[in-house]
Amino acid sequence: MKSMAFTQSHVMASRRHLPGRGLIDVDEYSCNPTQAFTFYNINQGRFQPPHVQMVDPVPHDAPKPPGYTRFVCVADTHSRTDHLQMPYGDVLIHAGDFTELGLPSEVKKFNDWLGSLPYEYKVVIAGNHELTFDHEFMADLIKQDFYYFPSVSKLKPENYENVQSLLTNCVYLQDSEVTVRGFRIYGSPWQPWFYGWGFNLPRGQALLDKWNQIPEGTDILITHGPPLGFLDWVPKKLQRVGCVELLNTVQRRIQPRLHVFGHIHEGYGVMADGTTTYVNSSVCTVNYQPVNPPIVIDLPTPRNT
Ligand SMILES: Nc1nc2c(ncn2[C@@H]2O[C@H](COP(=O)(O)O)[C@@H](O)[C@H]2O)c(=O)[nH]1
Ligand SMILES: [Mn+2]
Ligand SMILES: [Mn+2]
């Protein structure tokens, strides 16, 4: 795919030509995303240029155009922010996996880092590594005889029950929304089951039930995992692992301007489909080295703000 310079006018022009928005059903290829990608690519050209393109992110030193809001997107920092160079911007978005295990000490360290950053707004969701944020996961964990996560298992409930309250330096979203600078931003931590971490759900109806909670009119969607076909390739397995129902929800119902995620560290980068810009902002590589720079995206600020 060839790279293009991202312009919002390109997006606005293409948005008008999309088919009507509809209710999403479970996809027939839901449980096999690699097969889904192949089928939809060959039969529908769904992931092909000219609509689908790689995008060059905005250089960190580029001046912000007048009337725009600058978003600085990160994910998968995994408690490794000490040497991260953060660019200028208005709104920080963190798309989950800010810790290794969701230990309160890690959450406090992350919150201190957030407090040191100058952004006007900081919007954060959890990922599968924020184990203590998933109450059902924690309830199951403490019932088990064999503990997969010993340092988490030995936490006392009173030390993690209100772990969200440690995030005093950001807006934390969990299947919820916030409006900043006129942008409606919705965040959700869920991703397809993979080795029983936090916020894991089976592919199909269970995940679709979560995506059905995303309100129409959402401008910016933050999820931890990618949708099918956008920055979701796992080279070591030769697999696409994005969520098919998330793709259908994004393209056919929500059509946000921006979708920010992480989780698949190998997929770091930016793509667009003519309506939505997709950002995999994983800072860590697959070997958990925090070397990928934050991704900057400029969007025109809604006029009535
Ligand atoms: N084959 C799959 N690999 C996956 C999936 N989800 C994650 N991964 C791999 O793990 C790393 C890191 O993820 P993390 O959540 O532990 O930080 C990711 O980069 C992939 O290599 C999956 O569903 N299928
Ligand atoms: Mn991660
Ligand atoms: Mn993850």
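All values below come from the heavy atoms of this structure, side chains included, with hydrogens, waters and symmetry mates left out. First listed ligand is number 1; within each ligand, the first listed atom is number 1.
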For the aromatic rings, using the six-membered ring if either is Trp, is the centroid distance between [X] and [Y] under 6.0 Å?
X: Phe133; Y: Phe98; value: yes
X: Tyr40; Y: Phe47; value: no
X: His263; Y: His129; value: no
X: Phe199; Y: Trp193; value: no
X: His259; Y: Phe261; value: yes

Single hit among Asp209, Asn200, Asp175, Thr223 for side-chain hydrogen bond (donor to acceptor under 3.5 Å, both in side chains) with Trp190: Asp175

Set of residues that line ligand 1, where lining means a heavy atom lies under 4.0 Å from it: His78, Asp97, Asn128, His129, Phe194, Lys236, Lys237, Gln239, Val241, His263, Ile264, His265, Glu266, Val286, Tyr288

What are the protein N/O/S atoms, named by residue and atom, that sit under 2.8 Å from the Mn ion (ligand 3)? Asp97 OD2, Asn128 OD1, His224 NE2, His263 ND1

Would you mind checking if Arg184 and Glu177 are paired as a salt bridge, meaning a charged N to carboxylate O distance below 4.0 Å? yes

Do the charged groups of Lys109 and Asp112 touch, with an N to O distance under 4.0 Å? no

Please check if the side chain of Asn128 supplies one atom and the backbone of Gly198 the other of a donor-acceptor pair under 3.5 Å. no

